[in-house]
Undergrad: 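Structure below; questions to follow.
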Amino acid sequence: MPGSLGTAILPMANPIRDYDWGALETLARLQGREPTGAPEAELWMGAHPSAPSTVVAADGTVHRLDDLVARAPHELLGPDVVAAYGARLPYLLKVLAIAGPLSLQVHPDRDRAREGFAGEVEVHGDHRYVDPHPKPEMLYALEPVEALCGFRPAADAARLLGLVDGARLATIAEPLLGAGGGDETAALERAFEILVTWPDDDRADLAAEAADAADAVVRAGGLTEHDRAALGWVTRLAEFFPKDALVVAPLLLHFVRLEPGGTLFVPAGAPHSYLSGTGVEIMGNSDNVLRAGLTHKPVAVEELLHVVDGRSRPHRSPEIVLGACEVGWRPEAPEFQLTRLRLTGNAPVEACQGLPGPQIVLVTAGTVTLRCDGAAQVLHCGESALVPAGCGPLVLAGPGEVFRAAVGTTTLP
């Protein structure tokens with residue numbers, strides 16, 4: 001494949017998704033261009049069929065990456081990746097520019113996605129799985145990020161719900177009271193079920209009651225910074241979605257704040273919503289999403305309640321030192337891993353070798369020169385390139401900051 005395209009480094013052109021929660025200027029600033037004036041939410045780098053990247057060969061011809069993978073999977077992905085995942089790039093790399101909350105959602109695990117798509121198990125409600133793949137994801141914060149992810153301990157959720165006065169909030173909290181002496185997981189899942197199945201004709205009143213009460217508690221003062229932030233998001237979510245019961249979610253789910261350089265891994269079954277900030281996201285290349293609320297898109301409450309895991313908690317993947325200027329994250333998701341290089345000068349640095357399959361290399365600061373198998377490519381901030389499987393070693397020179405996405409492992413659970 002590198003020979004047929006004339007180079008081992010393929011510069012990429014990447015689509016931007018204009019979801020309404022996107023920021024107006026973040027991605028334009030990253031790429032050094034003028035803003036479009038419309039929301040720009042996600043920069044996609046990969047072979048997702050709905051918005052694939054394109055790559056440019058040495059002769060100037062442009063190829064859709066999903067078409068390229070389909071035509072020559074062994075050459076582009078490598079035989080081990082094809083044996084494990086088939087003729088598909090198993091990960092998708094993104095930059096998220098979050099100016100408003102994303103939908104509160106859950107992803108199925110590997111077995112549920114495969115069996116649900118194949119019709120081997122009952123899928124609840126009207127939901128249909130669109131592919132047989134799981135959708136784990138990890139976010140790296142380029143700028144501070146706030147999110148909801150996984151459940152609070154039952155006692156903490158009951159405490160916060162108790163601070164916010166109102167009969168409706170007490171109904172949600174009821175299963176959590178005394179949960180320490182019983183099944184905490186079941187109690188959390190029951191409280192979540194009450195919230196996401198709240199009667200349609202009373203959702204606006206619940207949202208208004210929660211927002212007003214949370215605002216009063218914040219104004220009264222005496223809160224920890226963490227509690228103040230969680231309660232503040234109840235009010236802010238009600239401004240975005242005034243008729244949605246899920247504005248209460250920050251009191252039941254764990255509120256996460258990532259400083260730049262922090263990571264958050266989202267496993268199957270964990271309810272989550274990114275609320276604000278900017279980050280690099282790597283995820284399984286799948287569209288299997290079960291939405292509970294905080295969205296104008298269709299929800300899938302019945303199937304979501306079958307998939308949600310009350311044991312889920314926020315999970316930060318440990319940072320692994322790979323070299324003098326490179327660190328990596330290898331969460332429990334075989335589809336992907338992510339590394340970061342910080343190049344402080346013009347001296348060439350050889351990146352860590354041995355990453356399976358093709359690599360997507362993204363520059364998030366500075367200007368970086370890549371060299372591999374006799375090919376060279378200069379990438380400016382916000383630009384990326386694809387390095388097919390079997391190429392290497394990859395040598396970089398900065399100064400700048402670079403992320404490398406790769407397959408995590410070719411050994412599936």
Side-chain angles (χ1 to χ4, degrees), residues 20-21 99-106 124-127 146-152 154-179 186-223 226-255 271-276 290-306 308 310:
D20 58 5
W21 50 262
L102 280 68
S103 59
L104 199 147
Q105 58 190 261
V106 173
H124 302 273
D126 296 328
H127 182 72
E146 294 185 335
L148 303 175
C149 185
F151 288 92
R152 296 176 179 274
D156 190 43
R159 178 187 62 82
L160 273 178
L161 286 163
L163 290 177
V164 183
D165 190 29
R168 293 177 176 86
L169 281 300
T171 299
I172 298 167
E174 194 276 332
L176 306 172
L177 302 176
L188 288 164
E189 291 178 357
R190 175 59 184 150
F192 188 68
E193 180 182 8
I194 292 171
L195 178 61
V196 300
T197 59
W198 199 265
D200 289 345
D201 60 0
D202 196 49
R203 285 173 172 255
D205 288 339
L206 170 61
E209 178 182 293
D212 290 346
D215 184 59
V217 173
V218 170
R219 289 177 181 274
L223 299 171
H226 187 274
D227 285 356
R228 186 167 58 251
L231 288 161
W233 268 109
V234 173
T235 305
R236 292 176 67 184
L237 290 175
E239 294 171 356
F240 283 103
F241 300 99
K243 298 180 180 180
D244 195 327
L246 271 295
V247 305
V248 178
L251 308 182
L252 188 59
L253 304 183
H254 198 98
F255 173 76
H272 62 283
S273 170
Y274 300 129
L275 302 172
S276 66
L290 303 162
R291 296 181 181 88
L294 305 182
T295 182
H296 302 297
K297 296 180 179 180
V299 297
V301 169
E302 292 180 64
E303 177 65 10
L304 178 144
L305 288 173
H306 185 81
V308 72

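FYI, side chains are in, hydrogens and waters are out, and symmetry mates aren't considered; it's all heavy atoms of this structure. In this chain, numbering begins with 1 at the start of the sequence shown. These figures come from a predicted structure and were not determined experimentally.
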Undergrad: Nearest 0.5 Å please: distance from the CG atom of L231 over to the CG atom of L251.
TA: 5.5 Å
Undergrad: Under the salt bridge (charged side-chain N to carboxylate O under 4.0 Å, His left out) rule, collect the residues that match up with R228, sequence neighbours excluded.
TA: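 Result, salt bridge (charged side-chain N to carboxylate O under 4.0 Å, His left out) vs R228: none returned.
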Undergrad: Rounded to the nearest 0.5 Å, how far does CZ of F240 lie from CH2 of W21?
TA: 12.0 Å
Undergrad: Which residues pass the ring-ring contact (aromatic ring centres under 6.0 Å, His included) test with H226, not counting sequence neighbours?
TA: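 Testing H226 for ring-ring contact (aromatic ring centres under 6.0 Å, His included), a comparison that skips the adjacent residues, returns H254, F255.
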Undergrad: If you define the side chain from C-beta out and look only at heavy atoms, does anything of L290 sit under 4.5 Å from V308?
TA: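 No - every pair of side-chain heavy atoms lies 4.5 Å or more apart.
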Undergrad: Distance check, rounded to the nearest 0.5 Å: Q105 atom CD versus T295 atom OG1?
TA: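 Result: 8.5 Å between the selected atoms.
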Undergrad: If you apply the rule side-chain contact (heavy atoms from CB on, under 4.5 Å), what do you find for T235 with V218, and how did you get there?
TA: CA-CA 10 Å; T235 305; V218 170; over 6 Å; no
Undergrad: Heavy atoms only: give me the nearest V248-A210 pair and the separation to one decimal.
TA: CG2-CB, 3.8 Å
Undergrad: Please identify each residue that fulfils salt bridge (charged side-chain N to carboxylate O under 4.0 Å, His left out) with R236, with sequence neighbours left out.
TA: none
Undergrad: Considering only heavy atoms from C-beta outward, does the side chain of S276 approach that of W233 to under 4.5 Å?
TA: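 S276 reaches W233 side chain to side chain.
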Undergrad: Relative to the ring of F192, is the ring of F151 parallel (under 30°), tilted (30 to 60°) or perpendicular (over 60°)?
TA: perpendicular
Undergrad: Which atoms form the tightest heavy-atom contact between A249 and L104, and what is the distance?
TA: CB-CD1, 3.5 Å
Undergrad: So, for A238 and A211, which heavy atoms are closest and what is the spacing to 0.1 Å?
TA: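 Here A238 and A211 meet closest at CB-CB, 3.6 Å.
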Undergrad: Taking the side chain as C-beta and beyond, is there a heavy-atom pair between R168 and D202 under 4.5 Å?
TA: yes
Undergrad: Do you know which of T171, L195, L246, D244 makes side chain to side chain contact (heavy atoms under 4.5 Å, CB included) with L206?
TA: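 Option passing the side chain to side chain contact (heavy atoms under 4.5 Å, CB included) with L206: L195.
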Undergrad: Taking atom CG of L237 and atom CG of L275, what is their separation to the nearest 0.5 Å?
TA: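 Rounded to the nearest 0.5 Å, the CG-CG separation comes to 6.0 Å.
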Undergrad: Apply side-chain hydrogen bond (donor to acceptor under 3.5 Å, both in side chains) to D215 and list each qualifying residue two or more places apart in sequence or on a separate chain.
TA: R219
Undergrad: For E189, what residues pass the salt bridge (charged side-chain N to carboxylate O under 4.0 Å, His left out) criterion, not counting sequence neighbours?
TA: none
Undergrad: Quick check for you: to the nearest 0.5 Å, what is the distance between T197 atom OG1 and R203 atom CZ?
TA: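 Going from the OG1 atom of T197 to the CZ atom of R203 covers 7.5 Å.
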Undergrad: Can you see which heavy atom on G293 is nearest to which on V299, and at what distance?
TA: N-CG1, 4.0 Å
Undergrad: Can you tell if the side chain of L148 reaches within under 4.5 Å of the side chain of P271, non-hydrogen atoms only?
TA: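 Of all side-chain heavy-atom pairs linking P271 with L148, none is under 4.5 Å.
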Undergrad: For H124 versus E303, what's the shortest heavy-atom pair and its separation?
TA: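 What the structure gives for the nearest pair is N-OE1, 2.9 Å.
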Undergrad: Give me the atom names and distance for the closest heavy-atom approach of E209 to L169.
TA: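 Heavy-atom minimum between the residues: OE2-CD2, 3.2 Å.
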Undergrad: Under the rule for salt bridge (charged side-chain N to carboxylate O under 4.0 Å, His left out), what residues qualify as partners of D156, not counting sequence neighbours?
TA: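 D156 satisfies salt bridge (charged side-chain N to carboxylate O under 4.0 Å, His left out) with R152, R159 once adjacent residues are dropped.
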Undergrad: In Å and rounded to the nearest 0.5 Å, what is the CG to CG distance from L188 to L176?
TA: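 Here the rounded value is 6.0 Å.
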